[in-house]
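Order of appearance sets the numbers: ligands from 1, and atoms from 1 within every ligand.
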Amino acid sequence: MSKLVVEGGHRLKGAIRINGAKNSALKLMVGAMLGQGTFTISDVPAITDVRTMCGVLEALGVQTCLVDNELRLQVGVLQGRVPEELAKSMRASIQVMGPLLARLGWVEVALPGGCAIGTRPLDLHLDNLIKLGARIEVTGQRIAASAECLYGTDITLRYPSVGATENLMMAAVLAKGETVIRNAAQEPEIIDIQQFLNAMGAKVQGAGSPVIRIEGVSDLGSADYKVIPDRIEAGTYLLAAAATGGQVTLENVVPEHLEALLTVLEAMGVEVYRNEDGLTVWTTNKLRSQHVETAPYPGFPTDLQPQFVVLATQAAGVSIIHESVYDRRFGYTSELKKMGAQIKVDGRQAAVVGHTPLKAAQVEAGDLRAGAALVIAALAARGETTVLGVEHIDRGYECIEMRLRQLGAKISRMEERREDALPVSVLRWGGR
Ligand code: EPZ
């Protein structure tokens, strides 16, 4: 287990390059199983979830090798049973269902484990895979699905679920006939997987709009591909810059993917400069409170909600944040209150009183984005804060302490050594 120790009160300054998007890379990885041969996917973040997904793919018959953010995949003879401990450790493992049903005709995967941010059913995935022709049985914690053949059909999602849209796209690319997905998710990651599948020979169109059409083909090849920049990692660092009163430039971002956040930041009094593939933010005057409601893309991203709440503590006035995507995504505010934050949570709504100076404390992350928010709070607080639960942060942020140090933060990682731990050098070369 490791912890982050942060000496707060320093403005972030400088420039960093943003990595490829976690929430795209994980899906491109499973999408490769629809094809054959060797894939090279670049700009893949070296994060725990990617390593876990490499473990899932290896168990299914894909050789993986991640070196310096370049992932090589060699699709071999596939099998459809996902090891339970891997499936439970990461909800995204459910995304293997579409590709394996399409390619193999069967898949067995454990129901994802509990989630700190809310109830996360799978009805939109399972009900619509059945519409495509799959037979699905849920026994205890395991899902078994099979299909001699998948047939294109017309699907309307009751909610624009990102994962369900991706799973159904991947199931449909090898189905007989055309599939239409209405009320589809419109996130940039959906466009990314459409481009990747089409590079393999699929016929998908409409991603980024509410209606996606997929014309089934008989087989797919391989592709080399670069993952789009991670808009959530970018937004996290922009919010950290604003919360510390700093000036930060991000390279390798798509400003359009962040417009909902940029609009809010500008309304609060943050200066934003957009260029081709970069963004610079700086704060010159006092920040003003803002009201925000999270929503599916292009709305304000739920994955930046915790990080935004921290900024709201530094803005004069009361900010109201409504979390419309998840039913339990304010759990981390109890940790912020240990640092002096004045936040009142009522169901899916939080009222944040600012400007409230934050003070150092020992706090613990319960999930990925909550962890990022606590790091931002530590950067803005006076004194030395310890953030526990860093393993959650490492799931989605590559070397967060090194990247923040590049921006002038005083932050270090302390490994709490276990008795049986191998020397780090051995783990570095042999461990996953
Ligand atoms: C993806 O999760 C992301 N994860 C999440 O990011 C992100 O918060 C979410 O999309 C929304 O943008 C990955 O891409 C790996 P959904 P996903 O299906 O696909 C309900 C992060 O921090 N729902 O769009 O699981 C669900 O309960 C993570 O990087 C159903 O009701 O999100 C939720 O309330 C956290 N039935 C809402 O839809 C279903 O079958 C949005 O879920 C599926 C979802």
- [ ] Kindly confirm or rule out an N or O of E187 lying under 3.5 angstrom from an N or O of ligand 1.
- [x] no
Task: Carboxylate-amine/guanidinium contact R142 E108, below 4.0 Å - done: yes
Open item on the list: I need the atoms of ligand 1 closer than 4.0 Å to a non-hydrogen atom of R91, numbered in the order shown.
Closed with: 25 (O), 43 (C)
Open item on the list: Considering non-hydrogen atoms of the protein only, which is the closest contact for atom 15 (C) of ligand 1, and what is the distance?
Closed with: N23 OD1, 3.3 Å
- [ ] Look at D303 together with R329 and state whether they make a salt bridge at an N to O cut-off of under 4.0 Å.
- [x] yes
Open item on the list: For atom 1 (C) of ligand 1, tell me which residue out of V162, L368, I117, L124 has the closest non-hydrogen atom.
Closed with: V162
Open item on the list: Tell me whether E256 at atom CD has more than 12 heavy atoms from other residues, nucleotides or ligands lying less than 6.0 Å away.
Closed with: no
Open item on the list: Using a 4.0 Å cut-off to any heavy atom of H125, which atoms of ligand 1 qualify?
Closed with: 40 (O)
TODO: If you have a sec, work out which protein heavy atom is nearest atom 9 (C) of ligand 1 and how many Å separate them, to one decimal?
DONE: Y326 OH, 3.3 Å
Open item on the list: In this structure, does ligand 1 have an atom that sits under 4.0 Å from one of the heavy atoms of P121?
Closed with: yes
Open item on the list: Give the atom numbers and elements of ligand 1 that come within less than 4.0 Å of a heavy atom of K22.
Closed with: 21 (C), 29 (O)
TODO: Heavy-atom distances under 4.0 Å are what count here, so tell me which part of R369 touches ligand 1: side chain, backbone, both or neither.
DONE: side chain
Open item on the list: Among all the protein's non-hydrogen atoms, which is closest to atom 31 (O) of ligand 1, and how far away is it?
Closed with: R158 NH2, 3.0 Å
Open item on the list: Show me which atoms of ligand 1 lie under 4.0 Å from any heavy atom of R120.
Closed with: 2 (O), 17 (P), 25 (O), 27 (O)
TODO: May I ask you to list the atoms of ligand 1 that are less than 4.0 angstrom from any heavy atom of T302?
DONE: 8 (O)
Task: Closest approach of any protein heavy atom to atom 34 (O) of ligand 1, naming residue and atom - done: V325 O, 2.6 Å
- [ ] Could you check atom 36 (N) of ligand 1 against the protein and tell me its nearest heavy-atom contact, residue, atom and distance included?
- [x] D123 OD1, 2.8 Å
- [ ] Flag the pair R158 and D123 as a salt bridge only when some basic side-chain nitrogen lies within less than 4.0 angstrom of an acidic carboxylate oxygen.
- [x] yes
Task: Parallel, tilted or perpendicular: ring planes of Y297 versus H257, cut at 30 and 60 degrees - done: perpendicular
Task: Ion pair check, D43 and R17, cut-off under 4.0 Å - done: yes
TODO: Looking only at protein heavy atoms, identify the closest one to atom 37 (C) of ligand 1 and say how far it is in Å.
DONE: Y159 CE2, 3.7 Å
- [ ] For G163, take its heavy atoms, then give the atoms of ligand 1 lying under 4.0 Å from any of them.
- [x] 18 (O), 19 (O)
TODO: Considering heavy atoms of the protein only, find what lies nearest to atom 27 (O) of ligand 1 and give residue, atom and distance to 0.1 Å.
DONE: T119 O, 3.1 Å
Open item on the list: So if I count the atoms of ligand 1 from 1 in the order they appear, which ones are less than 4.0 Å from some heavy atom of D303?
Closed with: 5 (C), 6 (O), 7 (C), 8 (O), 21 (C), 22 (O), 28 (C), 29 (O), 35 (C)
Open item on the list: For a salt bridge (Lys or Arg N to Asp or Glu O under 4.0 Å) check, start with the C-alpha distance between E148 and R135, then their side-chain angles and the critical distance, and finish with the verdict.
Closed with: CA-CA 9 Å; E148 279 76 46; R135 279 184 309 287; 3.2 Å; yes
Task: Pairing of R403 and E233 as salt bridge, 4.0 angstrom limit - done: yes
- [ ] Look at atom 7 (C) of ligand 1 and say whether a protein heavy atom is found at less than 4.0 angstrom from it.
- [x] yes
Open item on the list: Counting neighbours of NZ on K203 that are heavy atoms of other residues, nucleotides or ligands and sit closer than 6.0 Å, is the number greater than 12?
Closed with: no
Open item on the list: Between E323 and R348, does any NZ, NE, NH1 or NH2 come within less than 4.0 Å of an OD or OE carboxylate oxygen?
Closed with: no
Open item on the list: Is it the case that over 12 heavy atoms from other parts of the model lie below 6.0 angstrom from the CG atom of D154?
Closed with: yes
TODO: Output yes when R413 and D394 qualify as a salt bridge under the 4.0 Å nitrogen-oxygen rule, no when they do not.
DONE: yes
Open item on the list: Just to confirm my output: which protein heavy-atom neighbour is closest to atom 14 (O) of ligand 1, and how far is it?
Closed with: K27 NZ, 2.8 Å
